[in-house]
Structure formats: C-alpha cells, structure tokens
**Q** 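The structure follows.
Start at 1 and go down the list; that is how both ligands and their atoms are numbered.
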Amino acid sequence: MRVDGKWYRTIWLQSEATVQIIDQRFLPHDFVVEDITTVEEMAAAIKDMASLASRPRNLTHSEVPGDPRGPPAALGGPRGLRRHLEEARRGPRASDESPLSDPRGSRAEFGTKDMHVRGAGLIGCAAAYGIYLAARAAAAADELVLEAVAAAGVRLRATRPTAVNLAVGAARVEAAVGAALQGGGGAAAAVAAAKAEAGRFTDEDADFCHRIGEAGAALLEEIRDAKRAKAGACGEEPVVNVLTHCNAGWLAFADWGSALSPVYVAFDRGVRLHVWADETRPRNQGAALTAWELSKHGVPHTVIADNAGGHLMQNGMVDVVITGADRVTRTGDACNKIGTYLKALAARDNGLPFYVALPSSTILTGPRSRSSSAATTRCATPRASARRTERGGGCS
Ligand SMILES: CSC[C@H]1O[C@H](OP(=O)(O)O)[C@H](O)[C@@H]1O
C-alpha cells in the first residue's frame with residue numbers, strides 16, 4: 001500500500017542476502033525499515049524475546065531508500081545506523097546511556113513492543129523467508145541444507161502459536177527445498193527453490209488479500225445502495241460505517257490486508273466510508289497500526305475504546321463489522337484477537353452483518369478439530385449463527 005506516495009509491502013527481498021521489513025514496533029510514530037539477514041533475526045522479528053532498545057525520534061524516514069536526507073548525522077551515517085539497529089536487536093543494557101537512548105523510553109513500549117512483524121498473513125511470509133535465509137546460510141557454510149531448514153522450521157514455529165499461516169508459510173518453503181534436493185539439484189538448487197517459493201507465497205498473500213478486497217467492496221457497495229434507497233432521492237450520499245477489531249489491514253499481511261482490504265477497494269471506488277477502529281488492548285494494534293494505515297490511505301476513521309462498539313451498534317452508528325482471523329476450522333469456527341467474540345455477539349444482537357475476512361492460508365486443513373480457544377463468529381461467506389468460546393488467557 002502507499003506510504004507518503006511510495007508503494008510498500010510489509011516484507012520484501014531487498015537482495016539475495018537481505019529481507020527487509022517495516023519494523024512495526026515503531027509505528028505509528030516512526031517508519032523504520034529493518035534488514036533481516038538470518039533465520040535467527042527473522043524469528044526475533046516475529047517474537048523478539050530480548051526486545052527492544054529505545055531509539056531516538058529522529059530516525060523517522062531515515063530508512064526510506066533514496067531519502068535525500070539520509071541517516072541523521074547523530075548516528076554517524078549508515079555505519080552508525082547499522083550499529084544502532086544491532087544494538088536495537090541486542091536490546092537495552094543497564095549501561096546503555098548512549099545519546100541514542102530516548103528519555104521517553106516508553107514510546108516503543110506502546111503497542112507491539114516485541115513484534116517487529118505481526119498479523120496472520122505477514123508472519124506466514126516472514127516464516128517463508130526465514131526458511132530461505134536458513135537454506136542460504138547453510139549452503140554458504142557448506143552445511144546440510146535439509147537439516148538447517150528443519151531446525152529453522154522448529155525455531156520459527158515456536159515463535160508464535162497464533163496464526164496458522166506461520167506454519168503454512170514455513171511448510172511451503174520446506175517442501176520446495178525437499179523437492180529440489182530430491183530432484184538431485186544440490187544445495188544451490190535448494191536455495192533457489194526456497195527463494196522462489198517464499199516469493200510466490202508472499203505474492204499469493206498479497207493477491208488473495210486484494211481479491212478479498214474486491215469481494216468485500218461489493219458487500220460495502222450493497223450496504224451503501226441500501227442506505228441510499230432508504231435516504232431517498234434528495235438524501236445526502238450515505239456513509240458506510242465499518243467497525244473493525246485489532247489490525248487486519250495491509251500491515252498484517254504482505255499487502256492490502258484482509259478485513260481492511262474491502263475498505264481500501266471500496267474507498268478507491270468512491271464509496272464514502274468511515275471506520276471505527278477498536279484500540280484493541282493490551283497491545284493496541286488498532287490504535288497504533290489500523291489508525292496509521294487508514295490515515296496513510298486517507299480513509300476517515302475513529303479510534304474507540306474496545307468497550308464502545310456495542311453502544312455504537314445499539315445507536316445505529318455501525319453498518320457492518322469486519323475482522324480478520326488467526327485460524328479458521330473447516331466448520332467455520334474462527335479464532336481471532338481477544339474481544340472479537342464480544343463484537344460478534346453485539347452485532348448479532350443488533351442484527352448487523354459480521355464478517356471474518358481471511359485468505360485460504362488461514363484455514364486449518366488438518367484433521368477436523370475444533371480449536372479449544374476458538375472465537376466463533378460468522379464467516380465471510382455463509383451467514384452462520386454465532387457460537388461461543390473466547391481466546392483464553394495468556395495471549396495478547
Ligand atoms: C488477520 S490478522 C489476525 C490476527 O493477527 C493479528 O494479531 P497480532 O497483532 O497479535 O499478530 C491481528 O491482530 C488479528 O487479530
């Protein structure tokens with residue numbers, strides 16, 4: 001999606017050796033692009049156990065390629081910046097009183113402090129590229145690629161137990177490596193196959209999300225048309241009010257997003273829209289990320305307390321609810337961020353459509369199992385009746 005006039009994905013292959021990501025720990029205040037060169041760094045980017053060095057404000061935009069201002073002098077140019085990012089990755093030390101320390105240290109404590117990348121689709125793409133980086137490192141060190149890839153797969157799968165996409169992305173590239181080696185192609189062919197498959201998986205993620213956007217935009221246009229008909233000929237052009245929970249926008253995927261993709265497609269088609277964005281405690285993905293990406297696209301929105309949604313629905317200020325999902329079973333049970341179920345209940349109680357938008361990579365394909373911590377809501381396709389469970393404790 002477009003950030004200040006430049007099109008970005010959330011993850012891309014910058015060179016053979018470097019995957020680049022938007023480091024979401026610093027959004028919405030700073031736009032930082034981070035280099036990932038090893039599977040260890042990718043695993044830390046998904047779940048950064050030793051998270052977070054503080055960093056100064058003045059790095060905003062300093063990572064945007066081709067930014068004429070370049071890294072601020074305070075950092076001593078590109079080498080200083082790399083050193084800073086190394087320190088960021090290593091995390092704060094008691095003695096870290098360098099001028100780089102930010103007295104408001106808490107800034108980056110706000111939101112996704114230990115998740116450089118997050119969101120179902122994006123952590124799937126990150127896992128895919130993580131396997132590629134592991135294969136490449138093993139080949140370069142003349143080590144067994146298959147073993148390195150297997151170890152990388154265990155490491156990446158252990159980072160976050162939420163979105164099923166993570167395991168799907170890793171498995172896709174592991175399979176490509178296995179097939180290349182079985183085909184007698186050797187390490188170089190395995191690395192090439194891994195790179196190609198990680199790229200394909202990421203392109204698919206972006207494409208599937210755009211298609212969700214097209215399918216969902218039609219639903220938003222239907223709502224608009226119904227409101228137009230109700231308002232009659234002399235009525236003002238209606239605004240379609242969408243409520244969403246957490247962040248299932250392009251920042252949660254390679255591009256476009258799932259729940260927000262219909263909003264972007266419909267908005268670009270001229271539908272008047274307004275989004276109620278749940279702040280989504282405890283990590284505030286709604287306040288920090290959903291609001292940021294909507295503002296970058298120019299979509300009117302309001303950040304609300306998580307408990308306000310039901311009241312807005314009761315008072316006719318919401319037309320439709322759209323969320324994402326971490327995993328969906330074949331029976332249509334959807335698991336998503338804590339708080340989603342309450343929105344589903346409120347939507348049903350107020351007779352409002354509630355959609356879960358997801359790419360097929362979020363559907364559990366294993367044996368028919370009902371995930372024990374599933375939030376059950378309507379799926380984007382069949383209008384299903386809401387049933388209950390809530391994503392239980394411990395996960396943020
Ligand atoms: C479509 S994204 C699904 C799920 O993932 C995100 O959670 P997190 O930020 O913890 O990775 C998003 O908030 C959604 O709840």
**Q** Is any NZ, NE, NH1 or NH2 atom of the basic residue among K195 and E197 found under 4.0 Å from an Asp or Glu carboxylate oxygen of the other?
**A**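 Result for this pair is no, no salt bridge flagged.
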**Q** Look at ligand 1 and say whether N336 reaches it with a heavy atom at a distance under 4.0 Å.
**A**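 Within the 4.0 Å threshold, so yes.
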**Q** For residues E293 and Y264, determine if any side-chain heavy atom of one lies less than 4.5 Å from a side-chain heavy atom of the other.
**A** yes
**Q** Check for a donor-acceptor pair, side chain of S261 on one end and backbone N or O of C209 on the other, with a separation under 3.5 Å.
**A**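 Such a contact is found between S261 side chain and C209 backbone.
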**Q** Between V33 and I21, is there a side-chain heavy-atom distance shorter than 4.5 Å?
**A**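 No, too far: nothing below the 4.5 Å cut-off.
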**Q** List ligand 1 atoms under 4.0 Å from R160, heavy atoms only on the residue side.
**A** 8 (P), 10 (O), 11 (O)
**Q** Could you tell me whether R283 approaches ligand 1 through its side chain, its backbone, both or neither, with non-hydrogen atoms closer than 4.0 Å?
**A**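 Within the 4.0 Å criterion, R283 makes no contact with ligand 1.
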**Q** Looking at V177, V149, L13, which hits side-chain contact (heavy atoms from CB on, under 4.5 Å) with Y132?
**A** L13
**Q** Taking the side chain as every heavy atom from C-beta outward, state whether E237 and R224 have any atom pair closer than 4.5 Å.
**A**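 E237 vs R224: side chains touch.
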**Q** Is the shortest side-chain N to carboxylate O distance from D203 to R9 below 4.0 Å?
**A** yes
**Q** Checking the N or O distance criterion of under 3.5 Å, is ligand 1 in contact with S258?
**A** no
**Q** Group every Ile, Leu, Val, Met, Phe, Trp and Tyr by side-chain heavy-atom contacts under 4.5 Å, then state whether V271 and M1 land in the same group.
**A** yes
**Q** Check ligand 1 against K337 and write out every atom of the ligand that is under 4.0 Å from a heavy-atom position of the residue.
**A** 7 (O), 8 (P), 10 (O), 13 (O), 15 (O)
**Q** Tell me which part of Q285 gets within contact of ligand 1: side chain, backbone, both or neither, using heavy atoms under 4.0 Å.
**A** side chain
**Q** Can you find an N or O of F253 that's nearer than 3.5 Å to an N or O of ligand 1?
**A** no
**Q** What atoms of ligand 1 come closer than 4.0 angstrom to any heavy atom of C246?
**A**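 Those atoms are 12 (C), 13 (O), 15 (O).
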**Q** Under 4.0 Å, heavy atoms only, figure out whether ligand 1 is touched by the backbone of A325, its side chain, both or neither.
**A** backbone
**Q** What atoms of ligand 1 come closer than 4.0 angstrom to any heavy atom of A248?
**A**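 Listed by number with element, the hits are 1 (C).
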**Q** My understanding is that we take every heavy atom of each candidate and find the minimum distance to atom 4 (C) of ligand 1. Doing that for D326, T280, L358, which one comes out nearest?
**A**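 Selected option, by shortest heavy-atom distance: D326.
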**Q** Can a non-hydrogen atom of A163 be found less than 4.0 Å from any atom of ligand 1?
**A** no
